[in-house]
Amino acid sequence: MSDAEKAQTSQASEVHAAPARQFVNNYDAQGYFAPRPSKIANPGALGLFSFASTTFILSLYNVNARGIVVPNVVVGMAVFCGGLAQLLAGMWEFPRGNIFGATAFTSYGAFWMSYATILIPGSGIVDAYGADATELNQALGIYLITWFVVTSLLLIAALRRNIGFIALLFFLALTFLLLAIGAWQGTLAITRAGGGFGILTALIAYYCGLSELLVAGESWFGLPLGGIRQAKAE
């Protein structure tokens, strides 16, 4: 290879490497999180709206809105909206370099699919416990407290993101905790409290989703998420 060719190759390598240096650890020059440049549109609004809608419906059932006790109408939403739509949003976040969004959306998509499976009569999960609901409630409590742990870990990761996601995950963790305690204790009041915080969580998720949807230059206004500035990467 001639010296001229080596020089051209070196210049080309520097040009291709430049964009990567601009997004070290997925933070822009101002220290705020920025996904890698990608042709994939932002799936955040889809994931958040799907999560919010399914959570809102189930939480209304948990507070016995309109006298509803049996929550099985949420199964369709849990499978296709909270489950499939969030799973797809998570998969689209991976190539955009957003590991937090990918992990959160995929995890909660799996949560809703697994929860729907419990409620589907044909799965036989509820029937396996027989007429005694005590063991079933204890098992559901363990299921819910596990998601409290997952949500708490995501909350720790969100502390470097923005205030909107911090609030969302904080109230979601509280919702899981109250629902788990309500299942263990068999106390309807605690379960209803969990449903109330679930409604609040859903409203925050709607706000965050709308903020993601209101793109600068295409919307009349935007909604702040309260970005947290980070120290610049060396």
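Only heavy atoms go into these numbers, but all of them, side chains included; no hydrogens, no water, no symmetry mates. What you see is a predicted model, and the numbers here were worked out from it, not measured in a lab.
Counting non-hydrogen atoms of other residues, nucleotides and ligands closer than 6.0 Å to CZ of Phe100 gives a total above 12. Shown here is Glu135, whose CD atom has no more than 12 heavy atoms of other residues, nucleotides or ligands within 6.0 Å.
Nearest heavy atoms, Gly209 versus Ala45: O-CB, 3.5 Å. Of all heavy-atom pairs spanning Leu58 and Pro71, the tightest one is CD1-CB, 3.9 Å. The minimum heavy-atom distance linking Ser59 with Thr55 is given by the pair OG-O, 2.7 Å. Contact record, Leu46 with Ala89: CD2-CB, 4.5 Å, taken as the closest heavy-atom pair.
Classified by interplanar angle (parallel below 30°, tilted 30° to 60°, perpendicular above 60°), the ring pair Tyr108/Phe176 is parallel. Between Phe111 and Tyr115, the ring planes lie parallel to each other; the angle is under 30°, not in the 30° to 60° tilted range.
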Worked check of side chain to side chain contact (heavy atoms under 4.5 Å, CB included) between Ile228 and Arg161: CA-CA 6 Å; Ile228 300 175; Arg161 296 279 163 165; over 6 Å; no
Stepwise side chain to side chain contact (heavy atoms under 4.5 Å, CB included) test for Leu140 and Tyr129: CA-CA 11 Å; Leu140 286 173; Tyr129 291 91; over 6 Å; no
Side chain to side chain contact (heavy atoms under 4.5 Å, CB included) between Val69 and Tyr61, intermediate numbers included: CA-CA 6 Å; Val69 177; Tyr61 295 163; over 6 Å; no
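Between the CG atom of Leu169 and the CG atom of Leu174 there is a distance of 12.5 Å, given to the nearest 0.5 Å. Note that CG of Leu225 is 9.5 Å distant from CD1 of Ile163, once rounded to the nearest 0.5 Å. Residue Trp112 holds its CH2 atom at 14.0 Å from OG of Ser107, rounded to the nearest 0.5 Å. Leu153 CG to Phe148 CZ: the interatomic distance, rounded to the nearest 0.5 Å, is 9.5 Å. To the nearest 0.5 angstrom, Leu172 atom CG is 9.5 Å from Leu155 atom CG. Atom SG of Cys208 and atom CG of Leu213 lie 13.0 Å apart (nearest 0.5 Å).
Side-chain contact check for Leu179 versus Thr191: some heavy-atom pair is nearer than 4.5 Å. Using a 4.5 Å heavy-atom cutoff, the side chains of Thr146 and Tyr143 are not in contact. Proximity of Leu188 to Asn64: side-chain heavy atoms (C-beta onward) are separated by under 4.5 Å at one or more points. Counting only heavy atoms from C-beta outward, the side chains of Phe51 and Phe105 never approach each other to under 4.5 Å. Under the 4.5 Å side-chain criterion, counting only non-hydrogen atoms from C-beta, Phe165 is in contact with Leu48. Counting heavy atoms from C-beta on, the side chains of Pro43 and Leu88 never come closer than 4.5 Å. Cys81 places none of its side-chain heavy atoms less than 4.5 Å from the side chain of Phe49. The closest side-chain heavy-atom distance from Asn42 to Glu93 is below 4.5 Å.
When each of Ile190, Asn137, Ile142, Leu144 is paired with Trp184, the side chain to side chain contact (heavy atoms under 4.5 Å, CB included) condition holds for Ile142 and for no other.
Ser53 contributes no side-chain N or O that, together with a main-chain N or O of Ser50, makes up a donor-acceptor pair within less than 3.5 Å. Between the side chain of Ser211 and the backbone N or O of Leu223 there is at least one donor-acceptor pair closer than 3.5 Å.
Transitive grouping of hydrophobic side chains (ILVMFWY, heavy atoms separated by less than 4.5 Å) brings Leu159 and Phe171 into a common cluster. The cluster map of Ile, Leu, Val, Met, Phe, Trp and Tyr, joined by side-chain heavy atoms under 4.5 Å apart, puts Ile166 and Trp147 in the same cluster. Criterion: ILVMFWY side-chain heavy atoms under 4.5 Å apart, direct or through other members. Under it, Tyr206 and Phe221 are part of a common hydrophobic cluster.
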Compile the donor-acceptor pairs under 3.5 Å between side chains in residues 116-124 and protein atoms, sequence neighbours left out, one pair per line.
from	atom 1	to	atom 2	distance (Å)
Thr117	OG1	Met113	O	2.8
Ser123	OG	Thr117	O	2.7
Ser123	OG	Ile120	O	2.7
Ser123	OG	Ile125	N	3.4

